[in-house]
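Side chains are part of it too, since the values below use all heavy atoms of this structure and drop only hydrogens, waters and symmetry mates. The chain is numbered in sequence order, starting from 1.
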Amino acid sequence: MEPPNSELRAQLKLISLEELRTMVPQKLATYQANDPIKERTAPFLQALFDFAPTAAGQQTVAVDILACATNDSLEKLADRYLYNLIAPIRAAGGRTPPLSEHPSRPAPDSDAIVNSYLAEPLKCDRSAIRELVLRRDNYRCVVNGRVDANSIQAGTTEWQPGDDYTTVENVHILPFSLVPGSEQRNHHRTGAIWHEISAFSGIPLDELTRGNIDRPENCIALDHMFYKWFGELSIWFEPTGDSRKPNTYTVHYWGRINLLPGLPDTASFVSRSGVPVPDPRYLALHAACAKVVHQSGVAEILDKILEDLEQKTVLSSDGSAAHLLHHALAMIAVQLPNVYDLGNVDGSSSSYKSLSNDIKADMYTSRQLGRTAGPPAHEPAFLYAPLSATPTGTSGAITPNNPWARFNQAAPMAVTAQKKAITNHAKGSSGSPSEAPNEWSLASAGYGPMGGGIIKTKRLLTLAFDDKEAVWSLPETFAEVEEIARNWIQPPEGARFDFRIPSEYASLLASRLVHGPYLSIVNEETYQIAIDRMQVIRIEIVSDAPPPPEEEPSPPPPPPPVFEMPCEFDLELFPGHRVALGTICTSEDLDMSRDEDGTLVDGSFWGCLKITHTDEQHAMEFRGTRVSPSPSTTSTSLSLPLPTDLVMDHRTVERLAVASRPSTVKSSIRIFSPKEDNIEIGIYFSPMWTLTSSFPPAEKEGEQKCKWHVKTKPGGVIEHLGTSVVMSELFYEATPDTSVMSLSGFVTRSNSYAMPLASFMVHLTKVLDSFGIPMTARSSFISNNFPAFSLHRNIAFRFMPPKSINRAIELWCTHTVPITWTRIFLMWRGVSDDELGSTFIPAGMGEKEANEKDWKSVIEYKEEASDTALFSVSEISAIECA
């Protein structure tokens, strides 16, 4: 229906897009937010206009903005796009309904599925679509190339040496959960959400609401990590524009994800077996939504509201969190068979009441038809508060001092499918949705918005035997149930041991197929049928075994914590001059008698006591090692002699000093120039790396950049202009931030090779020689690192590709002619004999495979680097990933 200002909108549609690009910022510049929550309104609307994937979409957003006459209308417009476009895609984005992976399920016939799809593309079910997408994408994540472990197990693909495996998901670009089955709605329905998506993206509405959503064109294969980021709009795909590489996309990352090393830059799609590649329009829509939320700052707001929803159990009585109910209803509405326009809910009791009734009936119908297995994922805790949980000091009347009253009136209209008791059916005797206040309940608030949705409730199992009952989390398989039951009952060998479920506790399907009071559980198939879509199950054990043994008595309570104890020090300042210090040690909340794991802190300690007295500080600090148990005497003086084997010589101290040093990368830079020239060469460090030392001293430019001014001469001679030092290489050390990344994860059996130390030294020398490194430089590199290598019996190692190095440490040079770069970055760690024999060699990552590896292609070595007539820069680096 055309809005009231239809004449103005008609005139705006005649304005060219170039003029609209000028008018929209001018219009948004007049907006003033009266509420801190609305401060992002103008940036959000501007981002919608800037990043709409088509010209038609940009015009639609521009007309909507320019047709608003007041600040209030701009805020309502922003809410409309937020709830009907961004929130549904970000809340449900990428989510695909799970498929059964039970061991009894046969492996899919991939060829038969492809033939069926090519004959009748619109008649494939979800499991067939998943198999088609995995086959098209070669059973691998399209971003990092990891192979799907389930497909390896099912025999539809094979593991190759060097492959890393994971769980690969079939991810929908446009959310599958927003499109119910054809029996639930008309294919041409113009609901608010799909209408907004269609207007913004330019994709025809009837195409969005047909079966095209659950088709390979709307699906990609991603592993669980990228699947999560894709759904959160933290990564997105944009075409590279290279006509030589069709269907190749640049992968964009947002936030701290972008700081992680080794993330792929591109992803390519290839049509295999006639299965089409993803529709570029769908990827463009997803990318546009991602850029909108991050460019406008809305992503942080959505995450903050989601955090509030997950932490709140009761909303504040002053109404300051009233917007949470609005956001909660938005998240429920997008998960149901019908589409609701949250932009028209004004916060009044009547509007929430009407919407609540619609959603309640919709959820009840879906549950009765078996289309909703439970409440949507990520349900806020406060939704399960009883209806009577009105904030303290409030009543049912709507007054200025009781703003929550109208929400308490709307709450009995029941938005979530919380049942009266977890085992009772959520309907009255008439078969319709019950109006009993505790059968369908919503607390004095609602679901939260955009960013995630709702917390999944735990499925529970009650085991009953004789007069004993116990509750567990519901196992996935029948074998797990049997194991739990046997461990609990501990029946004697040969005793009868059977299972049955009362028919009223079994699934709706199973209870309709039996006439007796019980359903026998005899194998995996009968178990899965009985628990299908059930949140709680009661299983009774039929056995002639004795009752389960009584539980052992609880251990005695731990001793009370110690928050205060006296301390005495007998100190000899110099021979013959002794001083006694007496003090009290106190702690506000930490137990001084025990460690966090319960270890008793007592005994004699050998170490160092440091006492500091300055004008501003008076402190006492002790660091030491326990050398004996606590003496039986109650004396506070040292009564035991110190063992002489704790006296450390200089060699032990040196080894401890080396072990305590943080991991650093040691690098040397060599410059080869055919003639004399004055240049600048420097380094950019990512935020996760810090320059610790350099020689000649580098000139720092901020925290992450440094440079040298040098004169290059033929033969690899470098003169540092700041110190007039003449040498053949520049040296620097840098330290990574190990609080952000774990170095040990960079050298594993999936990406590195391992061999004994002696073999490694020979292999390293030959590899450096193949890279064209001069003998003096090779000898210098090996001699500098050999002391660290020699501390280990075996070495695991890898050379990093230049793209990965540049993300962390990037070299630059001001020389004008083309430069040939050679960057050799060795990552290594010591491994034990057991790890070498049980991990690396069985994985095909041993000495033989390393000798066959083409390391030149890994570091992208160019033969021009050895041409003395050309300008080239060579860098050799090494870091121990301990």
Side-chain angles (χ1 to χ4, degrees), residues 93-103 105 107-108 110 126-127 129-173 176 216 219-237 249 251-254 256-270 272 275 277-278 286 377 476 741-753 796 798 800-801 803-804 807 827 838-840 842-845 849 881:
R95 185 182 303 131
T96 299
L99 298 174
S100 172
E101 293 294 349
H102 299 304
R105 182 184 177 196
S110 183
R126 284 190 293 109
S127 60
I129 293 297
R130 179 182 185 275
E131 179 61 26
L132 288 170
V133 173
L134 290 179
R135 179 159 178 169
R136 179 198 66 195
D137 295 337
N138 200 22
Y139 300 94
R140 283 163 169 77
C141 172
V142 297
V143 179
N144 61 19
R146 292 182 177 177
V147 66
D148 179 40
N150 292 327
S151 298
I152 295 175
Q153 185 179 12
T156 53
T157 189
E158 294 183 358
W159 180 85
Q160 301 294 333
D163 280 347
D164 198 0
Y165 53 85
T166 183
T167 299
V168 177
E169 309 283 354
N170 173 31
V171 181
H172 283 72
I173 303 169
F176 176 89
C219 299
I220 55 178
L222 295 175
D223 82 353
H224 56 278
M225 178 177 66
F226 287 96
Y227 160 53
K228 176 178 180 292
W229 292 343
F230 187 84
E232 293 174 347
L233 301 181
S234 295
I235 64 169
W236 62 92
F237 301 86
Y249 293 81
V251 184
H252 294 274
Y253 306 89
W254 179 261
R256 293 186 66 84
I257 296 175
N258 203 33
L259 300 178
L260 296 176
L263 291 175
D265 296 321
T266 60
S268 299
F269 298 96
V270 178
R272 294 182 176 89
V275 182
V277 298
H286 179 273
E476 293 291 335
M741 58 180 177
S742 173
L743 291 178
S744 60
F746 287 93
V747 180
T748 66
R749 66 174 183 179
S750 63
N751 56 27
S752 306
Y753 299 83
R798 63 185 292 198
M800 299 297 292
K803 289 183 179 179
S804 299
R807 287 197 185 97
M827 303 189 78
S838 63
T839 302
F840 284 89
M845 305 298 277
E849 292 78 7
C881 299

For residues W236 and H252, establish whether the separation of their ring centroids is below 6.0 Å. yes
Rounded to the nearest 0.5 Å, how far apart are NE2 of H172 and OH of Y227? 10.5 Å
From CA spacing to verdict: side chain to side chain contact (heavy atoms under 4.5 Å, CB included), S151, L134: CA-CA 9 Å; S151 298; L134 290 179; 4.0 Å; yes
Contacts of type side chain to side chain contact (heavy atoms under 4.5 Å, CB included), residue S234, not counting sequence neighbours: W229, E232, I257
Distance-only, no hydrogens or angles: does the R140 side chain make a donor-acceptor pair with backbone N or O of V147 under 3.5 Å? no
Using the rule side-chain contact (heavy atoms from CB on, under 4.5 Å), only one of V251, T266, L222 pairs with V142; which is it? L222
So, taking the atom named OG1 in T167 and the one named NE2 in H224, what distance separates them when rounded to the nearest 0.5 Å? 6.5 Å
Assess whether side chain to side chain contact (heavy atoms under 4.5 Å, CB included) is satisfied between F230 and I220, documenting all intermediate values. CA-CA 11 Å; F230 187 84; I220 55 178; 3.9 Å; yes
Are any of the side-chain heavy atoms of C219 and N170 separated by less than 4.5 Å? yes
Whether the side chain of R135 engages the backbone of T156 through a donor-acceptor N/O pair (distance < 3.5 Å, no angle test) should be reported. no
Residues in side-chain hydrogen bond (donor to acceptor under 3.5 Å, both in side chains) contact with S268, at least two apart in sequence or another chain: T248
Can you tell me if R749 uses its side chain to pair, donor with acceptor, with the backbone of P842 under 3.5 Å? no
So do V133 and V275 actually touch side chain to side chain, heavy atoms under 4.5 Å? no
Output for pair (R798 CZ, S804 OG), nearest 0.5 Å, gives 7.0 Å
Do M225 and V143 touch side chain to side chain, with heavy atoms closer than 4.5 Å? no
Minimum side-chain heavy-atom gap P161-E849 below 4.5 Å: no
Contacts of D137 meeting side-chain hydrogen bond (donor to acceptor under 3.5 Å, both in side chains) (sequence neighbours excluded), chain-then-number -> none
Roughly how far apart are H286 NE2 and I235 CD1, rounded to 0.5 Å? 7.5 Å
Under the side chain to side chain contact (heavy atoms under 4.5 Å, CB included) test, which residues partner D164, sequence neighbours left out? R146, S750
With T157 via side-chain hydrogen bond (donor to acceptor under 3.5 Å, both in side chains) - residues at least two apart: none
Would you please name every residue forming a side chain to side chain contact (heavy atoms under 4.5 Å, CB included) with M845, sequence neighbours left out? Y753, F840, A843
Greater than 12 external heavy atoms within 6.0 Å of Y253's OH: yes
